[in-house]
Amino acid sequence: MISVYGRKEDFPIFSRKINGKNIIYLDSTATTQKPRQVLDAITGYYEGYNANVHRSVYKLADEATEVYEQSRSNVAQFIGAKNNEIIFTRNTTESLNLLSFTIGDSLRRGDRILITSMEHHSNILPWTRLEDRGIIVDYAGFDEEGHLDIGDLESKLKRETKIVSVTHQSNVLGTINPIEEIGKIVKENDSIFIIDAAQSIPHMPFRVRDEYDFVAFSGHKMLGPMGIGVLYGKYELLDKMPPFNRGGEMIKDVDFHSVIFEDPPIKFEAGTPNVEGAVGLSAAIDYLKVIGMEEVRRHEKHLTSITLKGMEDMKNVTYYGPRNVEDRGGVIAFNVKDVTNVRMNLEKNNVKLDHLYHSHDIATFLDERNVYVRSGHHCAEPLMRSLGLSGTARASYYVYNGEDDAEIFIKSLGELDVQR
Amino acid sequence: MISVYGRKEDFPIFSRKINGKNIIYLDSTATTQKPRQVLDAITGYYEGYNANVHRSVYKLADEATEVYEQSRSNVAQFIGAKNNEIIFTRNTTESLNLLSFTIGDSLRRGDRILITSMEHHSNILPWTRLEDRGIIVDYAGFDEEGHLDIGDLESKLKRETKIVSVTHQSNVLGTINPIEEIGKIVKENDSIFIIDAAQSIPHMPFRVRDEYDFVAFSGHKMLGPMGIGVLYGKYELLDKMPPFNRGGEMIKDVDFHSVIFEDPPIKFEAGTPNVEGAVGLSAAIDYLKVIGMEEVRRHEKHLTSITLKGMEDMKNVTYYGPRNVEDRGGVIAFNVKDVTNVRMNLEKNNVKLDHLYHSHDIATFLDERNVYVRSGHHCAEPLMRSLGLSGTARASYYVYNGEDDAEIFIKSLGELDVQR
Amino acid sequence: MSWTYNDEVMDRYQNPVKNGRMDNCDIKIDEASTTCGDKVVLYIKTNGNKIEDMRWEGDGCILSVVSTDLFCENSIGKEIRSIKETDDLAFVENFPVKISPGRINCVLLPLRAFRRGAKEK
Amino acid sequence: MSWTYNDEVMDRYQNPVKNGRMDNCDIKIDEASTTCGDKVVLYIKTNGNKIEDMRWEGDGCILSVVSTDLFCENSIGKEIRSIKETDDLAFVENFPVKISPGRINCVLLPLRAFRRGAKEK
Ligand SMILES: Cc1ncc(COP(=O)(O)O)c(C=O)c1O
Ligand SMILES: Cc1ncc(COP(=O)(O)O)c(C=O)c1O
């Protein structure tokens, strides 16, 4: 059970003081801090048995290969997949690009891809990349509270829709999408179903289901090191797919003008793999397993409740996304009305309008108080446009945050709420 | 100046004993061991100022962005390039694939790509990938001692040859190719000149020249962490190229069906970058700079001389590649004749022939003596076919190896030379 | 409790002196920072190669608004070329408060717009 | 000083007992491990569903050669199906010396070839 003060003692960065005060890190949606256990696993790997993996017969290389494949198996178990369905990539972005450059490139003119208006750029641009070739990208919308509009999704799911790719949890609205339900709808249409799980697998229990063809996520967003990501893929699909990058390690046989590729997942891992990253991610998973993913989710819901309540009590603060914490993760995008501003609004023909503080100003204001939130469009510009905004500030929680962080955040925000 | 006993004290892995004896690591061509300084940089980053980079305004993110860009600048300086010409990738393989999926994909039927018969799979497969589309891949050969046949290269350089991609140093033969001279020849033909520097930048002084359009290398082969690689590209070329992977960070503006990309190098770095990897690589470069790259090269030449001499004194050992250490790096592929073997040779119509120990058996024999060499085809099957071999054993040196390592290696190999 | 932004900055943010449209201007520059959502229009009245007056309209963060307003005021009487040649670093250092690296682009917004759009005749 | 490979292994490597072509065989299996360069041909004489004799020809590493030679000898008199069902791990454990993980495929070469090529009639 996580104490209400979080698990800061495991995370060396939180012993740092800035201007004599603690760091309140509220940007885990962008990247997470690392526990000692993960750092020790990384150093332990390099100090103990670092070597290049596969196809070599000396002791260190045996050990490195074993730890690399054990890490793969740990990832597989964590999400209920088979070992040979786990491909190590750099990050979620690369996992989704791998799909774009393989199954995406096999689509034909007139085929459609269905995504949602709440996607991160990483689940938009790999698909719009194909528009040049006459593939059509459709967007399912969301309602005022930020719930995905399932009716809209169903109506946009056409016979030509070959791929449906949906975020499990929005990195802005926090909305948790009902992927089991969506999976069934997608499979009735015989489309390939892809899940961007960058914001869900780190924060809640997750098991792959028969309806899920591919699932993408990032190590650095779940206490693991940067530079390692995962693509889960159903084996029979992986087996039929062409490889993406080509080079060392991923072949059975190469001649001057011909090649036979390895079986999945190795077929998709060209070049020297990031063994360190795999080992670090595996240690992060071990850390999360000790807490328990139900507990991680419960803890974040608790901090989110406190935060939403605090914001609801403020005069000039608006937050986005579902009101009900059951429907959302621990990421809260918000804005603050600037009641002092008297300038005219250019776009609305110089009519005086509610004026919002720029999100960067909010972030700087909080930065002064050692509270670190993100600001801007959060790599989700189409979502911002749907909301009619150019940006928001965003706070997000993880296992190391405690009630104290939520309280300091709310107190600091309160100072902006009543500024002048 | 490196002592003749190498710099093992900086490398924690060398304090490990296996079966009570020291590790003789001779596989730096595959991947290198890491000094304390690099491990400290990695942990220091995570313990001090880990955050996602770019476009965010709080203290930790500022620091992370700064250290990421400083690392880029350190890499740039190390090879004499400009900061915005350095793209961080995963490894050499990905750097070369980036080129295949951008400039490669822009080639037309009948265009040609010229490589050599001594390339690593990572500088073959990204190019043969294009053969399906009617692009022709030519191979320049090498002579008996493993020198690139420049005449052959010139004769295969045709008007249709749009790309020439050559390894600076072979990872099997050790041959150092005269890239300045090749660069001039290639530029007279107006082709794009790409250098696979995976085995040269870690081992000798290297400065980009006007003739070099792209240069690829890997962090893990030069004391840096796994999961980080580099592609140098001439800015005006990078600027004209389309991006490769698409997603977060690499855009200026995204709308539902349109996108404006960032300028290079960010345009080519989709998703959360591997800041840790960049920081670790930068620390590795600092470490190498203290030694000095001339000294690294001198040291490796010295160890190579001892080794070649030792092998020349053996009855049954053959090594491959140039005899003159000025023309080769510290990587020595070799085989051992098995004088005890009386079986018939299948392929030569059951004629008794010189029989070689299988390279895996050589590696296992040495592994017993804690001497770690690689065996097999070294991801260079076309090269192996050119040599008429199915594999070789391979020993390679780096800054941590000393004369002691070379001597123990030669002594151990001597025991196989005279086996039974 | 307050912003690090000092009173000079906050006063100007709330009551900018050069905010508002200018009719009959000689140069009009539309600048939008797609990544920040800032949108600014510069209106410039010239006298030969010199700036006679400059005003702005639009919206942005405190730093870009204040920087733009100051820029309009400080440019009056200066030569177009000399403004364009202002060093980025010097420009940021002249700003009335210290800026964190992540916010430098906010302050540079008006100078960049000017460089791009203010052509000498 | 010597190989970990014990004398049993080295003797068989140097003087294999089942090496050499077999004319009039019932089944011939060509196996090549592209990654290792090993090339082996299995010649099998059957009697119903049983193995009457098996020989091999080719070249490989010590482990694959010895494993193949032992496999030929030990298979005589066994049923094709029961050989095919041999567990990989048990097969490796039965090998006369302990094998490091990187070499397991060498030992498994003959069993894999047999599984792929020995069809029951
Ligand atoms: C010459 C050469 N090129 C490319 C590579 C591929 O490097 P990486 O596996 O780091 O992508 C290697 C690594 O062995 C190499 O030796
Ligand atoms: C929902 C979602 N998808 C994809 C990504 C991209 O992740 P990465 O940058 O690790 O590739 C993110 C990261 O912000 C995200 O929140």
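Here the structure is a predicted model, which is why all the values come from computation and not from measurement. Just so we're on the same page: letters track the sequence lines, and every chain starts at 1.
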Which region of [X], side chain (C-beta onward) or backbone (N, CA, C, O), has a non-hydrogen atom less than 4.5 Å from a non-hydrogen atom of chain B, or is it both or neither?
| X | answer |
| --- | --- |
| A:D255 | both |
| A:R90 | both |
| A:H257 | both |
| A:I251 | side chain |
| A:H360 | both |
| A:S100 | neither |
| A:V259 | side chain |
| A:D253 | both |
| A:I228 | neither |
| A:P273 | backbone |

Is it the side chain or the backbone of [X] that comes within 4.5 Å of chain A heavy atoms, both, or neither?
| X | value |
| --- | --- |
| B:V373 | backbone |
| B:E249 | backbone |
| B:H377 | side chain |

What I want to check is whether the side chains of B:S165 and B:N123 have a donor and an acceptor closer together than 3.5 Å.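 B:S165 vs B:N123: donor-acceptor pair found between side chains.
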Between A:F256 and B:Y139, what is the ring plane arrangement, given parallel below 30°, perpendicular above 60°, and tilted in between?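 Ring orientation of A:F256 relative to B:Y139: perpendicular.
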A:F11, A:F14, A:F244: which one forms the most heavy-atom pairs within less than 4.5 Å of chain B? A:F244
B:Y49 and A:Y372: CA distance, side-chain angles, deciding distance, ring-ring contact (aromatic ring centres under 6.0 Å, His included) verdict: CA-CA 12 Å; B:Y49 42 95; A:Y372 300 148; over 10 Å; no
